[in-house]
Amino acid sequence: MGGPTRAITLSRTISGLLVDLDYLVVDEKKPVVRLWIREGRESIQVLDENFEPYFYVIPSPEYDLGQLAEEIGGVEYEGVAVKRVETISLREGLDQKPMLKVYTHLPGDVPKLRSAIRHVVGVESVREADIPYVCRYLIDKDLSPSKGVLVHAQSRDGAWWATEDPVNLDSVDSQVVVLAFDIEVYNPHVNTNPDRDPVIMVGVATNTGFETCLKAEADGEKTSDKEVLESFVECVKEVDPDIICGYNSDNYDWPYIIKRAKKNRVELSVGRDGSTPSSKPAGRIRKIKIVGRANVDLYKVVERDLPDVKLKTLENVSEHLGVVKHVERVNIPKDMIWAYWDDPEKRETLRKYSLDDVRSALGLAERLLPLQAEFSQLTHVPLDDIPSMGRGRQVESYLLYEAHRRGIVAPNRRGVESPTTYKGGFVLTPKKGIHEDVVCLDFASMYPNIMLSYNISPDTFCPNCGDDEAYVAPEVGYKFRKSPRGFFSDILANLIEKRAEMKAQLRSMSPESSAYKTLQVKQQALKTLTNSFYGYMGWQVARWYQLECAEATTAWGRHTIKNVIQKARDMGIEVLYGDTDSLFCKNSPKVEVFVREVNREYPLELEYKGVYRSIFFTSKKKRYAGLLDDGTIDIKGFEVQRGDWSELAKEVQEKVISHILVDKSPRKAVEYVRRVVEELRDRRVPLEKLVIYKTLTKSLKDYKSKQAHVIVAEKLSDMGYVVEAGSKIAFVVTRGQGKMSENAEPIETAKLEEVDTNYYIENQVIPTAHRILEHFGYTPEDYRGTGKQATLTSFM
DNA sequence: TGGACCCAAGGCCAT
DNA sequence: TGATGGCCTTGGGTCCAG
């Protein structure tokens, strides 16, 4: 006391999981990266001021580099100046080139200076000026989000500042905290309107075992949601989750809560720095950001990663993943939620319903997040951004990281040019009929392995190479240097090798162990990434787009499968069907020899995929049904597999196939179809089985032809529903004059009495059944059930 | 005016 | 905002017989 005060500097080492990161600008002159780290039970923010924004300039070959550096160093544009310029050497393609590294003061200066410098004389091109600052930071510091990080920090001004570059940690014992939430809204009108309808419940569940349903204050007629929103904020602060999940939360729950909070003057301070969620456009869609936490909309994950679930409601997906079974959950019609709220006796049921929803969401999170986190680690992209990224952008993020490590300067994103297309895989017309004992063979990861084997990569493409120093693609004649190994081939080699190691390791582990499951997910992510490279090369807006590479890859694919089919036939093996990388052969001892020889002759691996006790082909490609060894039925391409046919039609087709393959009785199948037709005539079929779902792929005004789902969507829109690109439209066909589309009714208003049973008989049940049964000599008359005609046709 | 015929639009699936 | 190959239904047009 009384003596001179001495600043005490505390320092500590933080090791934990890198949850999220962003940056601030301090004093309008300096960017500071904020790392949000989960260390054990604690969440810590570490600031890093040691990273300057920059981009590259490639000089014109004839221009003096020193002079250009000086000129660019003096560039000032819209009050923004270049900070400094360095000369460096980087690779473009296979060539090492001198370039300029242009530093700026702030991240926001980069795009401004790019547009000014692009036009400076002597500048050939400006590169990597469109990489967001935070991504740049992760790439340059070799850090991965959703992975361990170790950082030494000192305290200053009440915060922790990194004293050295943070480094990767392979294992951390931090348990991330996941919070799932789901809101229920008072909805006496058809649609919900945040200006009018309050939030009545917020279900919250966490992976730490906490669970609650926050309820609004029901005060007689007037319901206030001020308190429920405040409790939600308190709840988030209390739990302090690293990840917040919802189902369709970016498009519904968050925007709704944000509007209600504004209306009620509630401070929605759920960010780790006390900030409120921000809504920023990410491409065409909206993305909600919460500071210090990863905000994950599970619907987006499901949309991209679960194509097998045709109708992506929370209930359906949760049923499909075995998270919360339909029979175990409280089911309330969505449009009756308000009534359950109003009735004090039913309110408890609504509470349970809300809890079931949020448990489903949490269950989905637990099932889906590990893979997303793996992608986040692999591609060096914050978990937050993973769900809204397509495969192309994931590949690109990974490539940017790998390019930096190799001293390669990335090409710029391309603009949209005139669309070009190229030839793809070869499909063999199947030999129609039922075949017994058929073996299915396929080339493992055919395209990646072709790219690897023939060194196909944008930087090895070499039109002027001699034939001896290059691999020459069949049909198209494109050449690729045999050495050195290309950028893509090198990456693929690493990915494939890494995955092979993991698979070997998995074989020695117990499938029940959690380590097995973790490794399984890692392996899965590597596979998906590896398989996305071919498509990436043919993606027209890709930085590393190279049409010739994509063309050569498919050309080698066609060449291989055609030759292999020929070889099998030459050996006396009957080949029944093949598609791109697979072939179906009549089983015989020769097959084993054939596979061995193919694997010796080609730089690819031909594998056994399965044996069918019997398999059925029509003469159409991409459609078959087979009974596998283990008794399961494998159906491809047929309507059963499709989301745009009525449940009834799909069920009929599936049973027909089963009668054919398992019972070997087309007669039973026909009798069954006839019974269904009769039931339909008598209207003894539940309405739900008649619903047809079709997706609106663009906005209503853009349709040239008015098909059923478009007309139904227009009706729904008039009724106040939100219909937009991506909406699934559910309708049934009712009786009436004229076009089918004009008689389609939204399921919301449809009644069984009005259903056009004839449409379902003639356009749903009979065509799908006949697609199979026509190959057994039946005619459509045979299903219609009038005994006379059946006899007549069989007589004739 | 209705039916036969053809083609494009549209959606979804196989690989 | 990874790729091409493929199947099928419906709408929307033309042509033609009656």
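A note on names: the letters A, B, ... follow the listed sequences, proteins ahead of strands, and every chain is numbered from 1.
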task = Would you mind telling me which of A:Asp634, A:Asp629, A:Asp630 makes a side-chain contact (heavy atoms from CB on, under 4.5 Å) with A:Thr632?
result = A:Asp630

Any residue meeting ring-ring contact (aromatic ring centres under 6.0 Å, His included) with [X], in chain and number order, not counting sequence neighbours:
X: A:Phe731; value: none
X: A:Tyr454; value: A:Tyr471, A:Trp556
X: A:Phe443; value: none

ask   = Can you tell me if A:Tyr608 and A:Asp442 form a side-chain donor-acceptor pair at under 3.5 Å?
value = no

ask   = Which of residues 537-569 of chain A have a heavy atom under 4.0 Å from DNA chain C?
value = A:Gly538, A:Trp539, A:Val541

message = I need the residues from residues 754-773 of chain A with at least one non-hydrogen atom less than 4.0 Å from DNA chain C; give them sorted by number, or say none.
response = A:Tyr759, A:Asn763, A:Pro767, A:Arg771

remark   = Here the pair of heavy atoms bringing A:Thr695 nearest to A:Tyr703 is O-OH, 4.3 Å

inquiry  = What does the B/S/- profile of nucleotides 8-15 of chain B look like, 5' to 3', with a 4.0 Å heavy-atom cutoff to protein?
reply    = -BSBBSBS

ask   = How far does CD1 of A:Ile692 sit from NZ of A:Lys728, to the nearest 0.5 angstrom?
value = 12.5 Å

inquiry  = Working to the nearest 0.5 angstrom, can you tell me the gap between A:Tyr783 OH and A:Leu773 CG?
reply    = 4.0 Å

Atom [atom1] of [X] to atom [atom2] of [N]: distance rounded to whole Å?
X: A:Arg414; N: C:dT1; atom1: CZ; atom2: C1'; value: 14 Å
X: A:Ile692; N: C:dC8; atom1: CD1; atom2: C1'; value: 13 Å
X: A:Ile456; N: C:dA3; atom1: CD1; atom2: P; value: 18 Å
X: A:Gln394; N: C:dG2; atom1: CD; atom2: P; value: 9 Å
X: A:Leu428; N: C:dG6; atom1: CG; atom2: C1'; value: 14 Å

request  = Going by the ring pair (Phe, Tyr, Trp, His ring centres under 6.0 Å) test, name the single residue among A:Tyr612, A:Phe617, A:Phe616 that passes it with A:Tyr577.
outcome  = A:Phe617

query = Do the ring planes of A:Tyr534 and A:Tyr422 sit parallel (below 30°), tilted (30 to 60°) or perpendicular (above 60°)?
reply = perpendicular

query = Does a sphere of radius 6.0 Å around CD in A:Glu754 hold more than 12 heavy atoms from other residues, nucleotides or ligands, not counting ones at 6.0 Å or beyond?
reply = yes

inquiry  = Applying a 4.0 Å non-hydrogen cut-off, can you work out what A:Gly424 is touching in the nucleic acid: base, sugar-phosphate, or nothing?
reply    = sugar-phosphate

request  = Would you mind classifying the nucleic acid contact of A:Tyr447 as base, sugar-phosphate or nothing, using non-hydrogen atoms under 4.0 angstrom?
outcome  = nothing

ask   = Any side-chain N or O of A:Lys621 less than 4.0 Å from the OP1 or OP2 oxygen of C:dG6?
value = yes

Along DNA chain C (nearest heavy atom to each residue), the more 5'-positioned of A:Tyr536 and A:Gly425 = A:Tyr536

